[in-house]
Structures are given as C-alpha cells and as structure tokens.
Amino acid sequence: MTSADVARESGVSRTTVSYVLNAKHGVTITEATRLRVLSTAERLGYTPSAAARTLRSGRSDLVLCVLPNWTVGPVIDALIDHLTTELADHGLSMLVYNGRSNRPLAELWRAVTPCAVLGLGAFTEADAQAMRRAGIQVVGSALDEDPHPEIFVVPQANIGGLQVEHLAERGHRAIAYAAPADDRLAAFADRRLRGVVAECERRGLPAPVVERVDLDVASAVAAVRGWRSGDEPATAVAAYNDEVALAVLSGLRAEGLRVPEDVAVIGVDDIPTARLAAPALTTVWQAIDAQASYLVASVLAALDENVEPPQRPDDVFHVIERDST
C-alpha cells in the first residue's frame with residue numbers, strides 16, 4: 001500500500017494525505033478529513049516508508065548496534081534489553097547486527113541508513129572512517145583501557161584482578177583459572193586471565209594453572225584433577241564466568257571436595273542461578289544498567305551537539321561475596 005492508495009480510497013489529494021499522516025503544522029485540514037484519511041490508512045494497512053521519512057527529517061531514528069562474534073548469554077541479553085529500552089525512551093529504535101554473519105558491515109549500514117552505529121567491540125579504522133564520511137555517528141566501546149575519552153571501557157583484566165584479590169585476602173596461595181571452552185569468548189577470557197596472572201605476580205603467588213572447562217561434569221572433573229595434582233594443589237578457582245563456575249562446583253562435588261573448605265570458587269556476572277547454587281556462588285557483579293545508560297547517553301550526545309557527553313560510571317564492577325568463598 002502507498003500514500004496514493006490512501007488518497008484514492010479517501011477521495012483526497014496525496015498532498016492532503018501527506019499532511020495528515022505527517023501531522024504537518026500550518027495547514028488547514030478539517031477534522032472530518034483528517035479522521036477519514038487516518039481510518040483509511042489503518043484499514044488498508046498503510047505504513048509510511050522509513051526511507052522517505054529519513055529523507056524528510058534529515059536522519060533516521062535507527063541505531064545499529066554491532067555485536068562481535070560473541071556467544072549471547074545472560075549478560076549480553078541484559079545489555080541489549082537495557083539499550084533497546086533506553087533508546088526507545090528517546091524515540092530511537094535499535095537493530096542488532098551479529099558479527100558471526102558473513103555479511104560485510106558496510107553493506108548493512110548502507111542498506112539501513114542508521115543515524116548512529118554503536119559498537120560493543122572495536123571497529124576497524126576503515127569501517128569507522130567510512131561511516132563518519134557518510135554522516136553516521138560512531139560510538140564505540142573497548143575491553144581494554146583506551147586513551148580516547150569518547151570510548152567506553154570495561155577493562156576485563158580488572159575483573160580477573162578482583163577475583164585474585166578476593167581469594168588472596170582469604171588466605172589462598174594456589175589459585176587456578178577455569179577458562180571457557182568456547183573460542184568465541186577468547187576476547188573476554190584472555191583479558192580476564194591476564195588480570196589473574198598479573199595480580200598473582202603482584203602478590204608473589206604461583207602462576208595460576210589454567211584448565212578449559214566445558215559446561216558438563218566430565219570436563220569439570222578433569223579440570224579439578226589437574227588443579228589438585230602436583231606439589232601445591234589449588235585451593236581456589238577463579239572462573240571465567242558464573243556458568244563455568246557452576247560447572248566447577250559440579251566437578252568438585254563429583255570428586256568429593258567441599259566448597260569452600262577444600263576449594264573456594266568465584267565467578268563473574270552474578271547471573272540469577274549464582275544465588276541458587278549449593279553453596280551460593282561468590283561472583284563479580286557488573287553494572288550492566290550503568291554501562292547501557294552510558295552508551296545511550298553517548299549516542300544522544302553524538303546526535304545532538306547541545307547534549308553534554310556523559311561522565312564515565314565509576315562503580316562498573318565489584319565482588320559479591322557468598323558461601324563459595
């Protein structure tokens with residue numbers, strides 16, 4: 001259906017239809033005509049063209065969110081939900097592009113003409129420059145410290161450091177690391193492990209023994225046996241995230257080891273099931289809502305020069321202590 005169909009069915013001109021559907025100010029249209037056009041458009045199922053609306057307004061209301069080739073778990077789900085809701089509160093819609101697609105990013109943004117592109121990972125310099133040349137605002141984030149003030153940073157190495165700090169303060173020297181088995185998580189896991197290693201070195205502790213743990217009992221049991229062998233068996237495990245930590249708890253239980261008396265365990269993310277574990281799981285909480293609010297505010301500031309850029313949130317993550325440590 002087009003506006004011409006609405007005009008023909010309503011018995012008015014296409015100009016009148018355009019004025020009514022776009023709530024044009026400064027023109028005189030009777031209430032009867034306005035209601036007739038609106039009811040006809042609804043009956044015919046007419047939807048205004050997004051491309052035409054973009055041409056009229058000078059920009060679209062679409063924000064393209066670029067998600068790297070990561071697995072989508074509870075944390076990413078929560079972040080996307082917060083972003084979608086807060087952008088909608090400002091009249092903006094969000095389209096999520098998953099990096100596992102073989103479709104080039106340039107092909108997508110040229111097709112959907114977003115007003116801004118929000119990257120949950122780093123863009124290539126070529127992609128960023130091409131989008132800016134096309135008049136698209138680019139907002140990025142990073143997993144490491146970044147010197148650019150406009151880049152939102154959630155330094156993953158600090159998470160690993162917090163885990164070791166918590167365990168070491170409870171007297172643990174031999175700390176193991178439970179890495180994820182999914183290679184798509186390497187961007188996070190490698191950085192978190194780097195933080196674990198650095199904090200162990202800073203405190204004069206042995207280097208952590210690293211084992212990959214899949215989300216099943218057999219994999220966790222094999223890891224536990226590796227950690228407990230040798231001259232100094234591990235008495236604590238820093239896990240990549242809560243899901244891996246829950247698998248570790250299962251492996252320890254299968255080996256007849258008590259938590260935290262024999263081995264303490266700490267995860268990351270504070271997913272709902274962490275509180276329901278036996279024992280309840282100590283974890284590193286992430287301020288997903290604050291991260292989303294910062295990114296949305298950055299998008300709004302990029303779109304409107306009169307909006308002040310946001311201040312980076314300070315409390316991005318901290319340890320929530322429970323029975324597992």
Side-chain angles (χ1 to χ4, degrees), residues 70-82 143 154-172 175-182 184-193 195-196 199 208 210-221 223-224 227 234-255 257-292 313 315-325:
W70 299 336
T71 61
V72 179
V75 173
I76 298 298
D77 271 342
L79 180 62
I80 290 174
D81 185 59
H82 280 296
L143 302 179
V154 184
Q156 298 297 302
N158 290 7
I159 292 176
L162 271 180
Q163 289 179 302
V164 173
E165 178 183 300
H166 177 80
L167 295 171
E169 287 177 353
R170 279 143 192 81
H172 296 284
I175 298 173
Y177 187 75
D182 194 326
R184 289 175 297 171
L185 297 170
F188 292 92
D190 291 350
R191 290 169 170 83
R192 292 179 188 179
L193 175 56
V196 168
E199 187 63 17
V210 181
E211 298 282 356
R212 286 163 66 98
V213 178
D214 214 335
L215 302 183
D216 62 62
V217 177
S219 174
V221 165
V224 169
W227 291 324
T235 63
V237 178
Y240 161 73
N241 68 1
D242 289 345
E243 291 176 320
V244 173
L246 292 173
V248 171
L249 289 180
S250 296
L252 291 168
R253 189 179 305 114
E255 287 295 281
L257 295 167
R258 299 167 302 163
V259 178
E261 291 85 357
D262 298 321
V263 181
V265 181
I266 182 171
V268 179
D269 291 338
D270 192 28
I271 63 176
T273 49
R275 293 160 239 170
L276 305 178
L281 183 65
T282 295
T283 186
V284 178
W285 167 87
Q286 295 195 65
I288 299 301
D289 52 348
Q291 295 176 38
D315 185 17
V316 179
F317 33 68
H318 60 252
V319 173
I320 296 179
E321 184 177 359
R322 298 195 180 102
D323 295 340
S324 69
T325 57

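At least one donor-acceptor pair under 3.5 Å links the side chain of Asn241 to the backbone N or O of Glu243. Side-chain N or O atoms of Arg191 include none that pairs as donor or acceptor with a backbone N or O of Gln156 at under 3.5 Å. Distance alone, capped at 3.5 Å, is enough to place a donor-acceptor pair between the Asp182 side chain and the Arg184 backbone. Here the side chain of His172 pairs a donor or acceptor atom with the backbone of Thr235 at under 3.5 angstrom.
Note that CZ of Phe188 and CH2 of Trp70 are 3.5 Å apart. Values are rounded to the nearest 0.5 Å. Between atom CG of residue Asp289 and atom CG of residue Asp81 there is a gap of 11.5 Å, rounded to the nearest 0.5 Å. Residue Leu193 holds its CG atom at 10.0 Å from CD of Gln163, rounded to the nearest 0.5 Å. Taken from CG in Asp270 to CG in Leu281, the straight-line distance is 8.5 Å, to the nearest 0.5 Å. Rounding to the nearest 0.5 Å places CG of Leu185 at 8.5 Å from CZ of Arg192. Within the model, atoms CD1 of Ile159 and CH2 of Trp285 stand 11.5 Å from one another, a figure rounded to the nearest 0.5 Å.
The shortest non-hydrogen separation linking Ala179 to Val244 is O-CG1, 4.4 Å. Pairing each heavy atom of Ala247 with each of Ala220, the nearest pair is O-CB, 3.1 Å. Of all the heavy atoms in Ala239 and Val268, the pair that sits closest is O-CG2, 3.8 Å. Across Ala245 and Gly267, no two heavy atoms sit closer than the pair CB-CA, 4.0 Å. Across every non-hydrogen atom of Pro279 and Ser324, the tightest pair is CG-CA, 4.0 Å. Considering every non-hydrogen atom in both Trp227 and Val213, the closest pair reads CH2-CG2, 4.0 Å.
We find that Arg170 and Glu321 are joined by a salt bridge, their nearest charged nitrogen and carboxylate oxygen being less than 4.0 Å apart.
Here the side chains of His318 and Val284 are not in contact, with every heavy-atom distance at 4.5 Å or above. Asn158 places a side-chain heavy atom less than 4.5 Å from the side chain of Pro155. For the pair Val237/Ile175, no side-chain contact is recorded, criterion being any heavy-atom separation below 4.5 Å from C-beta on. In this structure, Leu257 and Val224 have side chains that are in contact, with non-hydrogen atoms separated by less than 4.5 Å.
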Let me see the working for Val164 and Leu167 under side chain to side chain contact (heavy atoms under 4.5 Å, CB included), right down to the final yes or no.
CA-CA 5 Å; Val164 173; Leu167 295 171; 5.7 Å; no

Passes side chain to side chain contact (heavy atoms under 4.5 Å, CB included), Val265 versus Leu252? Steps please.
CA-CA 10 Å; Val265 181; Leu252 291 168; 3.6 Å; yes

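A side-chain donor-acceptor contact under 3.5 Å links Asp242 and Thr283. His166 and Thr282 share no donor-acceptor pair across their side chains, judged by distance under 3.5 Å alone.
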